[in-house]
Amino acid sequence: MSAPASSAWRVETRTRAATGFSVFAVLLVAIAFAAPFFVSRSLLQDLFLILTMLVLAQNWNLLAGYAGLVSVGQQAFVGFGAYAMFACVSLGGLDPILAVLIAGVAAAMLSVATGFFVFRLQGAYFAIGTWVVAEVVRLVLAQWRALGGGTGTSLPNAAIRDMAAVQWIAEAFSVRSAQAADILTYWLALILCCATIGFIYWLLRTRQGLGLSAVRDNQEAARSVGVDARRIKWAVYVSVAFVTGMAGALIYVQKARISPDAAFSVVDWTAYVIFIVVIGGIGTLEGPIIGVIVFFLLQKTLADYGSWYLLVLGLIGIAIMLFAPRGLWGLFSDRTGIQFFPVRRILKGGPSTDHQGTRGGPHG
Amino acid sequence: MQPVLDISAVNKRFGALTVADAVTFSLAPGEALGIIGPNGAGKSTLFNLITGNLQVDGGRIVFDGTDVTNAPPMQRCLMGIGRTFQIPQPFVKLTVFENLLVAGTFGSRKLEAEVAARCGDILIQTGLIGRANVPAGQLSLLERKRLELARALATNPKVLLLDEIAGGLTEGECAALVGTIRDIHASGISIIWIEHVLHALNSVVERLLVLDFGKVIGMGRPNDIMASKAVREIYLGLDV
Ligand SMILES: Nc1ncnc2c1ncn2[C@@H]1O[C@H](COP(=O)(O)OP(=O)(O)O)[C@@H](O)[C@H]1O
Ligand SMILES: [Mg+2]
């Protein structure tokens with residue numbers, strides 16, 4: 001038994017790749033903010049789609065990849081957030097931007113209410129439960145006559161035109177208000193995306209994030225070392241609903257037209273999102289970023305092939321699950337050891353000189 | 001002196017199978033108690049009842065003067081019950097050090113920075129320091145068992161429950177393990193140790209409890225217990 005030399009220990013999380021990446025990331029975000037100055041309107045709409053899908057994917061990844069809550073009913077929060085925004089704007093006359101925030105709160109409240117039901121279910125039953133909840137919410141909102149019932153409705157043109165900052169952007173870029181609204185929603189999507197990734201990265205580096213990773217790996221053992229697994233899962237479930245609701249609302253500010261079938265589409269808001277996370281690499285922050293790019297490229301290439309498109313997506317998803325269960329990012333990261341968002345706590349220093357991790361270590 | 005752990009008339013059934021039948025005993029502060037008994041006697045189940053991973057059907061569990069019969073595992077850990085699992089349950093994607101860090105920061109409600117050094121010290125004490133930054137999923141079975149011990153220690157327990165951590169070790173490794181457990185015991189931690197490797201067990205514990213079909217069929221000093229008829233019958237054929 002060696003004498004402890006407590007003061008000599010150090011814990012590090014930073015890696016050189018990550019430091020390099022953070023410089024690159026800041027540049028990338030700066031360019032992305034400036035994009036409306038030099039890209040076409042249709043490209044801006046594509047980027048909006050990528051950013052909002054990435055927000056949904058990062059949230060599903062946090063939910064399923066970290067908290068182990070495999071939900072197939074996140075469209076409940078997309079749709080509920082979208083409808084909450086429509087209600088605030090069309091019926092309440094609020095500014096759409098403010099309505100997006102309220103939509104997040106509404107979705108979080110829905111998650112608290114439905115959480116008591118789905119949290120009683122385990123594994124596959126949890127997944128089915130979340131889907132059932134989404135269907136019920138869709139059926140209920142389809143009865144809402146004031147918002148078009150089953151056929152849906154559109155946002156009033158004036159609401160978009162009078163949206164905060166739209167006139168200002170229209171003048172600054174000398175474009176019409178519809179295009180100015182696209183620029184504004186794009187910027188909001190960019191902010192939401194950066195905030196989401198920043199929040200999740202921050203969370204994973206905190207004590208609670210460590211607890212969350214332990215729950216993901218082994219809930220029973222986590223409970224036995226003092227982790228409140230239930231509270232952590234609830235917190236993740238509700239915050240994911242909050243952000244998912246805001247993303248849903250923002251998507252429908254941009255679309256400006258809603259119907260229950262579209263807003264609660266399990267294919268658009270859950271199946272695609274799961275595909276993005278799985279091909280990119282579940283349980284990593286990098287995975288969904290890679291995934292959303294691959295997804296978008298596939299969508300562009302296969303757009304003309306109709307239903308073949310879904311089939312090809314499905315086949316690719318299955319192939320990756322079979323041959324690269326940790327996704328494309330996992331494939332890359334396993335080979336190179338590179339991580340752009342390092343969360344590992346690496347122990348250094350101490351009385352022993354060699355603990356790089358290949359030696360068996362002394363016994364006893 | 002008030003016992004640190006007091007088990008009274010604890011019952012547990014799995015369907016028709018009784019795995020704890022009016023189990024009653026107490027553990028004095030600083031005591032080391034061994035539990036022996038054939039496979040399937042209900043030893044591991046008894047640990048799960050003490051830690052709250054399983055609920056009792058009847059009876060009472062008092063820890064440090066507080067009734068914890070219905071407390072969740074998390075709360076019992078915070079109060080000072082640390083445990084190992086017979087089948088190791090590591091956090092596979094976390095490193096060995098991070099496994100301890102979780103236990104340290106949550107098990108004693110402190111910041112990561114406050115417990116990191118102690119976790120490092122425990123890694124040295126348990127011989128895992130060479131594997132500190134390796135994902136726990138890459139450990140061998142023996143290393144996983146050592147990790148169970150290290151992680152339980154990191155929660156800063158008053159009572160440490162050890163479930164068959166000496167099986168499969170070479171003689172030298174076993175002696176080293178006994179040394180480690182003696183040190184832990186000497187630092188004032190009470191221990192309950194389930195073990196089939198009797199010579200290792202008997203060189204540490206002050207009392208032995210014999211469990212068979214969920215019933216306590218003997219309790220006393222190791223020498224007296226090993227000489228008793230009941231134990232000889234049960235262990236006939238087992239390596240004594
Ligand atoms: N969760 C469970 N459900 C049903 N039966 C169980 C469960 N856990 C253990 N058992 C059964 O209870 C008996 C006692 O198991 P255990 O406490 O693990 O025994 P020991 O640790 O003494 O070998 C065994 O017959 C085992 O199969
Ligand atoms: Mg057992």
Side-chain angles (χ1 to χ4, degrees), chain A residues 1-13 65-66 205-232 282-284 326 334 343-364, chain B residues 51-53 72-78 82-83 85 89-99 101-103 105-109 111-113 116-121 123-134 136-137 143 146 151-152 154-155 169 172-173 175-177 179-180 183:
Chain A
M1 227 82 2
S2 337
S6 303
S7 53
W9 298 111
R10 276 177 299 125
V11 180
E12 287 176 12
T13 41
Y66 283 96
R205 292 176 63 128
T206 64
R207 181 175 176 274
Q208 295 301 329
L210 193 63
L212 180 61
S213 309
V215 170
R216 169 200 63 194
D217 281 1
N218 194 322
Q219 180 166 331
E220 203 58 17
R223 281 153 52 89
S224 294
V225 295
V227 181
D228 194 340
R230 206 178 147 76
R231 210 188 70 185
I232 291 188
I282 193 165
T284 63
R326 289 167 31 74
D334 285 349
V343 291
R344 278 240 181 289
R345 280 83 166 161
I346 296 166
L347 182 69
K348 297 215 165 131
S352 167
T353 48
D354 167 27
H355 33 94
Q356 294 316 303
T358 43
R359 207 159 49 95
H363 297 301
Chain B
T51 58
N53 292 89
M74 176 209 52
Q75 202 178 322
R76 298 191 209 195
C77 169
L78 286 171
R83 69 153 322 159
F85 288 92
Q89 310 279 330
F91 305 125
V92 289
K93 287 189 194 158
L94 298 183
T95 65
V96 170
F97 171 61
E98 287 171 326
N99 268 260
L101 210 48
V102 173
T105 177
F106 284 93
S108 55
R109 286 238 165 105
L111 298 176
E112 283 180 50
R118 206 180 113 72
C119 293
D121 293 344
L123 287 176
I124 291 186
Q125 189 185 7
T126 52
L128 281 168
I129 190 65
R131 307 286 271 163
N133 297 319
V134 172
E143 288 171 330
R146 253 189 266 159
R151 195 175 62 185
T155 64
L169 297 183
E173 288 168 338
L177 179 68
T180 308
D183 288 345

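Numbered from 1 within each chain, the chains take letters A, B, ... in sequence-line order.
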> At what distance, to the nearest 0.5 angstrom, does CZ of B:Arg83 lie from CZ of B:Arg151?
Replying inline: 9.5 Å
> Which of the residues B:Leu123, B:Leu101, B:Leu78 is involved in the greatest number of heavy-atom pairs with chain A at under 4.5 angstrom?
Replying inline: B:Leu101
>> Counting only non-hydrogen atoms closer than 4.5 Å, does A:Arg216 touch chain B with its backbone (N, CA, C, O), its side chain (CB onward), both, or neither?
In response: side chain
> Heavy-atom distance under 4.5 Å to chain B: side chain of A:Val227, backbone, both or neither?
Replying inline: both
> By a 4.5 Å heavy-atom criterion (distance strictly below it), what part of A:Ala229 contacts chain B: side chain, backbone, both, or neither?
Replying inline: neither
> Can you tell me if A:Asp217 uses its side chain to pair, donor with acceptor, with the backbone of B:Lys93 under 3.5 Å?
Replying inline: yes
> Taking atom OG1 of B:Thr51 and atom CE of B:Met74, what is their separation to the nearest 0.5 Å?
Replying inline: 13.0 Å
> Considering the options A:Arg344, A:Arg205, A:Arg345, which one meets the side-chain hydrogen bond (donor to acceptor under 3.5 Å, both in side chains) requirement together with A:Thr13?
Replying inline: A:Arg205
> Measuring heavy-atom distances to chain B, does A:Val215 have an atom under 4.5 Å in its side chain, in its backbone, in both, or in neither?
Replying inline: neither
>> To the closest 0.5 Å, what do you measure between CZ (B:Phe106) and CD1 (A:Ile232)?
In response: 5.0 Å
> Which bit of A:Gln208 is near chain B, if near means a heavy-atom gap under 4.5 Å: side chain, backbone, both or neither?
Replying inline: both
> Is it the side chain or the backbone of B:Leu169 that comes within 4.5 Å of chain A heavy atoms, both, or neither?
Replying inline: neither
>> What part of B:Thr105 gets within 4.5 angstrom of chain A, counting heavy atoms only: side chain, backbone, both, or neither?
In response: both
> Tell me, side chain or backbone of B:Pro90 under 4.5 Å from chain A's heavy atoms, or both, or neither?
Replying inline: backbone
> How long is the gap from CG on A:Asn218 to CZ on A:Arg223, to the nearest 0.5 Å?
Replying inline: 11.0 Å
>> As a quick check of understanding, evaluate side-chain contact (heavy atoms from CB on, under 4.5 Å) for B:Ile129 and A:Leu347, giving each step before the final call.
In response: CA-CA 9 Å; B:Ile129 190 65; A:Leu347 182 69; 4.1 Å; yes
